[in-house]
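See below for the structure under consideration.
Naming: A, B, ... by sequence-line order, numbering from 1 per chain. Owing to the predicted nature of the structure, the values given are computational and were not obtained by experimental measurement.
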Number of protein chains: 2
Amino acid sequence: MEEIDRRIVTLLARDGRMSFTDLARETGLSVSAVHQRVRRLEKRGVVRGYAAIIDHDAVGLPLTAFVSIKPIDPAAPDDAPERLAHLSAIEACHSVAGDESYILKVRVASPVALEDLLQQIRASANVSTRTTVVLSTPYEHRAPELAPSEEAGEPETRQDGIA
Amino acid sequence: MEEIDRRIVTLLARDGRMSFTDLARETGLSVSAVHQRVRRLEKRGVVRGYAAIIDHDAVGLPLTAFVSIKPIDPAAPDDAPERLAHLSAIEACHSVAGDESYILKVRVASPVALEDLLQQIRASANVSTRTTVVLSTPYEHRAPELAPSEEAGEPETRQDGIA
DNA sequence: CGTGAAACCGGTTCAAA
DNA sequence: TTTGAACCGGTTTCACG
């Protein structure tokens with residue numbers, strides 16, 4: 001991926017609703033050229049979607065926490081992510097290296113709601129939990145700076161699955 | 001905040017580019033009514049912005065990690081977030097309860113880049129670091145389910161009778 | 001892969017209730 | 001606060017370089 005695409009991705013990461021007209025001006029391309037590039041980036045999966053960034057305090061979910069989980073039975077098949085997917089309070093699930101197997105990011109309404117969620121997590125995935133409560137968030141959702149690195153990451157992203 | 005606004009926020013959280021026409025159909029309101037509500041939500045800060053969700057692998061930043069930091073001198077003023085803000089590899093910074101003071105979420109191109117970043121973090125904020133590498137991410141950026149809970153911001157009657 | 005122009009559709013404003 | 005209508009601008013497609 002080269003310069004202009006990186007530029008477009010960066011701009012959209014910072015403002016997911018930027019118009020093609022503005023993107024065109026910022027990149028020096030015509031509107032239809034940018035349009036074509038954005039569609040291609042979406043199709044390739046470089047741009048996976050768009051989301052509104054919401055204020056969780058304003059929306060009744062002021063408590064954020066990181067929940068690290070560890071299987072109670074290390075021999076059992078590890079399907080924790082699927083088992084936990086139904087819990088909508090879980091915003092993200094990362095498999096990690098280290099003592100624990102996953103780190104979950106959760107958003108709840110209150111300490112009691114967190115307590116309840118932890119029980120559900122333990123029951124649903126047969127895991128033990130270790131919770132780190134977030135006190136405040138100086139910043140979040142910052143867009144990365146896409147350096148002019150060479151051939152970015154992946155060899156090819158195919159939608160058709162043909163090797 | 002009531003029903004329809006919650007609905008709008010949820011929809012926009014899932015698709016930040018959903019058109020007002022579609023939002024109108026989903027909510028049963030007219031286009032201009034939804035338009036007005038969205039603008040109001042933006043102005044109130046409930047909707048803080050919009051962002052494209054990008055595939056970090058495809059963009060040359062395949063390595064994600066959580067970096068917990070702890071001040072070397074616990075007596076020194078804690079201005080780590082500001083001191084680290086210039087490092088664009090840091091996507092988020094959360095102040096947390098527990099043994100460490102902040103959890104950083106970082107995205108880098110390689111293990112070497114991570115090593116370099118950790119040095120910059122330690123040097124910039126005078127902290128020690130503990131890093132947890134992300135191996136894979138089953139899911140991320142999931143939109144919360146906004147329950148008909150009470151209001152967030154203005155007073156509201158409580159069921160438990162606590163004033 | 002780029003372009004400009006045309007057609008289309010969504011975004012935006014407005015007066016009215 | 002909601003609504004429909006009118007207006008304007010962005011989106012999308014197209015034929016072509």
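Across A/Val31 and A/Thr21, no two heavy atoms sit closer than the pair CG2-CA, 4.2 Å. Closest of all the heavy-atom pairs between A/Ser88 and B/Glu145 is OG-CB, 3.3 Å. Taking both residues in full, the closest heavy atoms of A/Ser124 and A/Arg83 are given as O-NH1, 3.2 Å, listed atom of the first, atom of the second, then distance.
For the pair B/Arg130 (side chain) and B/Ser68 (backbone), a donor-acceptor distance under 3.5 Å is absent.
Protein chain B contacts DNA chain C over a range whose 5' and 3' limits, counting nucleotides with an atom under 4.0 angstrom from a non-hydrogen atom, are C/dG10 to C/dT13.
Using a 4.0 Å cut-off between charged side-chain N and carboxylate O, B/Glu91 and A/Arg142 make no salt bridge.
Hydrophobic side-chain contacts under 4.5 Å tie B/Tyr102 into a cluster, directly or through other members, with A/Tyr139, B/Leu63, B/Val67, B/Ile69, B/Leu84, B/Leu87, B/Ile90, B/Leu104, B/Val106, B/Val108, B/Leu114, B/Leu117, B/Leu118, B/Ile121, B/Val127, B/Val133.
Screening residues 13-34 of chain B for ring-ring contact (aromatic ring centres under 6.0 Å, His included) gives B/Phe20-B/His35 as the qualifying pairs, with residues at least two apart or on separate chains.
Listed by first residue number, the stems of DNA chain C with at least three Watson-Crick or G-U pairs below 3.5 Å are C:1-10 with D:8-17, C:12-17 with D:1-6.
At a threshold of 4.5 Å between non-hydrogen side-chain atoms, the residues A/Leu23 and A/Leu12 count as touching.
Taking the side chain to side chain contact (heavy atoms under 4.5 Å, CB included) definition, one finds that B/Ser110 meets it with B/Val112, B/Ala113, sequence neighbours left out.
Looking at residues 19-40 of chain B, you'll see B/Ser19, B/Phe20, B/Thr21, B/Val31, B/Ser32, B/His35, B/Arg39 sit with a heavy atom under 4.0 Å from some atom of DNA chain C.
The only member of B/Glu3, B/Glu2, B/Glu42 that meets salt bridge (charged side-chain N to carboxylate O under 4.0 Å, His left out) when paired with B/Arg37 is B/Glu2.
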